[in-house]
Amino acid sequence: MEGEELSRRLVGKFPAVVVEPFRETAGRVRFPPEILLDLFREMRDGLGFDHLGQVGAIDWVEEREVFYTLWSDREKQYVFLSTRVPASAPHLESLTPVFSSANWHEREAWELVGIEFDHHPDLRPLLTPTGYEFHPLLRSFQLHEPEGLEVKVRDV
Amino acid sequence: MGRLSAAKPVLTTPAAAPTAEDSPLPMATEPAVPFIEIETLRAREFLPAAKEALGSLLSEQAQGKLIRPMFNWAGRNSLFPLHWGLACCAIEFAAAFGARWDAERFGVVPRSSPRQCDLLIVNGTVTWKVAHKLITLYEQMPEPKWVIAMGNCATGGGPFRTAYSVVPGVDKLVPVDVYIAGCPPRPEALLDGILRLEQLIKERKE
Ligand code: SF4
């Protein structure tokens, strides 16, 4: 599917999306967070992008960007979709009702960049230890020398 | 060994030791040496049991010269590390047991169950997520047991020392006997560490 065709079919249904055509991939789609579930249903059922490859997040200080990669097995094409939420209230609807493979990706994006995915079935830490309180990939996170740890010796 | 109060060793005497009275033939009157049921003994019960069995035969001095060195000799020539790869250092660990370096000639054979191991080679980055599993594996290994921290990551956190997710040195979790520097250490360095550990075991007293 050419970028122009993707643009035509998407913008007709969702006037708020912006499609930037790429030459080799189908394009990059920017969309407002409110239409997330409807847009992805249309991408899957209407346009045939049936595989969600990745969900990631970037901290842009005032905003946080969440991006998705979809793959179409029929067209052999990728499409990249992204949306932005304000850093003061980083809430986004969970994509798990449409693509269940979003489950672990969203857990990772939540614990590392702090995006709150509403209605996620199982929002537990995936990589950080249980009880870890920080979002370590935020720009405000400081690395620090470890402290308060004791070297264990064998009690003979 | 001090904190582990050794359980009472299992000693039995041969069931029907024939005596001079009920035998028609004259027999040499030897003291009945109790034999040790080796299979039922745990490693840490071996020394008290051996001492008790040989106490009547050997002087105190001879026991000190014989039993502990023998125990150490057996232990250091059959170090079984746990087959557990954590990060990139595990590749060098694997190479050390391959055909070229062949750690098996020192009696070092990786085993897949912690119950059969007496050496934990921590070969890679330990994250906080895996830390409690490492402690579980260490505690599942029978005494006496040793730990080698292989590579900069296991020694002190390595390049990830200040990261949010990495334990800065595995000696914060379990006691470590030998540290090997390098990122990654070459298989020769691992073999050198194992030989140094054998030296430590050789010098081990009570
Ligand atoms: S010390 Fe270097 S080679 Fe070894 S696990 Fe760490 S980063 Fe990898």
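So you know, we letter chains A, B, ... as the sequences are listed, proteins then strands, and number each from 1. Values below: all heavy atoms of this structure, side chains included; hydrogens, waters and symmetry mates excluded.
- Around the NZ atom of B:Lys133, the shell of radius 6.0 Å holds more than 12 heavy atoms that belong to other residues, nucleotides or ligands.
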Residues B:Lys172, A:Val151; criterion side chain to side chain contact (heavy atoms under 4.5 Å, CB included); working and verdict: CA-CA 5 Å; B:Lys172 312 298 182 307; A:Val151 173; 4.2 Å; yes

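- Within the 4.5 angstrom heavy-atom criterion, only side-chain atoms of A:Leu112, from C-beta onward, approach chain B.
- Around the NE2 atom of A:His120, the shell of radius 6.0 Å holds more than 12 heavy atoms that belong to other residues, nucleotides or ligands.
- The 12-atom threshold is not exceeded at CD of B:Gln61, counting heavy atoms of other residues, nucleotides or ligands nearer than 6.0 Å.
- More than 12 non-hydrogen atoms from other residues, nucleotides or ligands lie less than 6.0 angstrom from CZ of B:Arg105.
- Heavy-atom neighbours of B:Arg196 CZ from other residues, nucleotides or ligands within 6.0 Å: at or below the threshold of 12.
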Dump the intermediate steps for side chain to side chain contact (heavy atoms under 4.5 Å, CB included) on A:Phe134 and B:Tyr164, then the final yes or no. CA-CA 9 Å; A:Phe134 310 103; B:Tyr164 58 94; over 6 Å; no

Please evaluate residues B:Thr162 and A:Glu145 with respect to the criterion side chain to side chain contact (heavy atoms under 4.5 Å, CB included), reporting the C-alpha separation (whole Å), side-chain torsions for both, the decisive distance (0.1 Å), and the verdict. CA-CA 5 Å; B:Thr162 52; A:Glu145 267 293 305; 3.5 Å; yes

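- By the 4.5 Å heavy-atom criterion applied to side chains, A:Leu149 and B:Pro168 are counted as neighbours.
- With hydrogens and angles disregarded, a donor-acceptor distance shorter than 3.5 Å links the side chain of B:Lys129 to the backbone of A:Thr128.
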